[in-house]
2 protein chains.
Amino acid sequence: MGTEPRQGDLNEGGDGDAPFVADYLLFLLASTSAAASAEFHAVVRAEGLRVREWRVLACLHDEDGQMTTRLAELALMEQSRLTRIIDQMHTSGLVERRSDAEDRRRVRVFLTERGAAVAANMIEKARAHEAALIARLPGASGETLKRLLKRVHAELVDGE
Amino acid sequence: MGTEPRQGDLNEGGDGDAPFVADYLLFLLASTSAAASAEFHAVVRAEGLRVREWRVLACLHDEDGQMTTRLAELALMEQSRLTRIIDQMHTSGLVERRSDAEDRRRVRVFLTERGAAVAANMIEKARAHEAALIARLPGASGETLKRLLKRVHAELVDGE
DNA sequence: CCCAAAAAAATGCGTTTTCATGTTTTTCGT
DNA sequence: ACGAAAAACATGAAAACGCATTTTTTTGGG
């Protein structure tokens with residue numbers, strides 16, 4: 001006994017040289033995202049939704065009737081994956097497809113009445129969870145982080 | 001024509017009320033993480049590794065001989081998934097298992113010589129990529145972001 | 001106007017991932 | 001010291017996922 005690794009936090013020391021993971025931006029982003037999301041994802045599943053369905057609902061709430069490709073980008077998944085998620089969400093009565101009159105290659109996805117209700121309900125829960133989460137961070141870290149993430153995200157996506 | 005949604009960035013307006021996604025912390029984290037990682041993940045795959053194998057290599061580089069459960073936490077994956085990734089990495093000669101003498105339930109994972117070499121090589125590439133990425137962010141955003149993420153991650157994991 | 005190229009979405013299919021459970025070893029209460 | 005509970009890891013089966021390709025429609029050059 002005594003050789004137990006610590007729980008939770010990212011490692012500090014290394015074998016001999018500098019630790020890498022704990023100071024690597026992409027790991028910090030991924031693990032913070034995972035840790036922060038874990039709690040709410042439990043709520044999502046408890047509501048009978050999968051994480052990706054929740055993402056689709058949230059994106060459509062912001063702008064209903066988006067085309068498949070764009071929706072896949074926003075909801076952070078592959079196009080072919082979204083196609084099948086939409087199938088299932090259609091089956092469970094959350095969304096419907098309508099082909100675009102201007103360009104018949106396009107399929108636009110709309111919330112059903114029930115889908116809109118579920119979306120609104122979940123967004124309320126998400127806002128509450130976010131507020132609670134930010135509340136337990138020191139000072140204004142939460143808001144600062146959001147501001148920073150928006151800037152970085154914008155730079156990564158539009159810039160270059 | 002003319003009704004085209006913008007490319008890339010997160011939506012600003014909504015149907016009628018406040019936009020949600022573009023200001024929601026968990027989405028900001030997830031999408032920034034995805035956008036930032038996308039580039040490097042291409043490098044990883046080009047090197048013949050999968051993303052999760054790369055994570056394992058990096059974690060073991062920082063501290064070799066970790067037990068399965070802990071390694072799964074650090075490398076952001078499920079325990080049963082890690083078991084199988086280790087199988088495959090063993091097959092490709094990157095790691096080896098040794099059962100812990102003190103507690104024979106435990107399996108510790110070690111880098112092979114080749115694994116260590118691959119890890120070192122990838123970490124070099126990762127550091128270079130990170131530096132380039134941070135360089136194209138305005139001012140000190142990158143470093144500020146890292147500092148903030150460390151704090152938030154620590155709070156989410158240890159605190160509470 | 002026509003045909004090749006591009007764009008949007010769907011689909012076939014092999015791989016990955018997860019969930020629940022099984023097996024072995026250790027811990028802990030009495 | 002014994003047996004129940006817990007911890008660590010492995011595994012079987014089902015679902016989810018992503019890649020490559022196909023189908024349909026639109027665009028653009030000659």
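Letters A, B, ... mirror the listed sequences (proteins, then strands); counts begin at 1.
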field: Rounded interatomic separation in angstrom, taking CZ from B/Arg50 and C1' from C/dG14
entry: 13 Å
- request: Take the protein atom NE2 of B/His90 and the nucleotide atom P of D/dA10, then report the distance between them rounded to whole Å.
  value: 12 Å
statement: Rounded to whole Å, the CG-P distance (A/Leu76 to D/dC17) equals 13 Å
- prompt: Should the pair A/Trp54 and B/Phe20 be assigned to parallel (<30°), tilted (30 to 60°) or perpendicular (>60°) ring geometry?
  reply: tilted
task: For B/Met77 and C/dT17, give me the distance from atom CE to atom C1', rounded to whole Å.
output: 11 Å
message: For a quick check of understanding: with a heavy-atom distance under 4.0 Å over all strands, which category does B/Arg45 fall into, base, sugar-phosphate or nothing?
response: nothing
N/O contacts under 3.5 Å, protein versus nucleotides 10-12 of chain C?
| residue | atom | partner | partner atom | Å |
| --- | --- | --- | --- | --- |
| C/dA10 | OP1 | A/Arg97 | NH1 | 2.9 |
| C/dA10 | OP2 | A/Thr83 | OG1 | 2.9 |
| C/dA10 | OP2 | A/Arg97 | NH1 | 3.3 |
| C/dA10 | N7 | A/Gln79 | NE2 | 2.9 |
| C/dA10 | N6 | A/Gln79 | OE1 | 3.4 |
| C/dG12 | O6 | A/Arg84 | NH2 | 2.5 |

Give me the distances for all protein-to-nucleotides 26-29 of chain D N/O pairs that come in under 3.5 Å?
| residue | atom | partner | partner atom | Å |
| --- | --- | --- | --- | --- |
| D/dT26 | OP1 | A/Arg104 | N | 3.1 |

message: What is the distance, to the nearest angstrom, from the CG atom on B/Asp100 to the C1' atom on C/dT24?
response: 15 Å
- prompt: Between B/Arg52 and B/Gln88, is any pair of side-chain heavy atoms under 4.5 Å apart?
  reply: no
field: A/Leu74 versus A/Cys59, closest heavy-atom pair with distance
entry: CB-SG, 3.8 Å
Distance, rounded to the nearest Å, where B/Arg52 contributes CZ and D/dG18 contributes C1': 13 Å
- prompt: Any Lys/Arg nitrogen of A/Arg70 or A/Glu73 sitting under 4.0 Å from an Asp/Glu carboxylate oxygen of the other?
  reply: yes
field: Atom-pair distance (NE2 on B/His41; P on D/dG18), nearest Å
entry: 13 Å
query: Between B/Phe110 and B/Arg98, is there a cation-pi geometry (under 6.0 Å to ring centre, at most 45° from the normal)?
result: yes
Nucleotide D/dA7, atom P - distance to CZ of B/Arg70 in whole Å: 17 Å
message: Between A/Met67 and A/Asp100, is there a side-chain heavy-atom distance shorter than 4.5 Å?
response: no
field: A/Glu53 to A/Gly48 - nearest heavy-atom pair and separation
entry: OE1-O, 4.4 Å
- prompt: Can you name the nearest heavy-atom pair linking B/Ser141 to B/Leu137, along with the distance?
  reply: CB-CB, 4.2 Å
field: Heavy atoms from other residues, nucleotides or ligands near NE2 of A/His90 exceed 12 (cutoff 6.0 Å)
entry: no
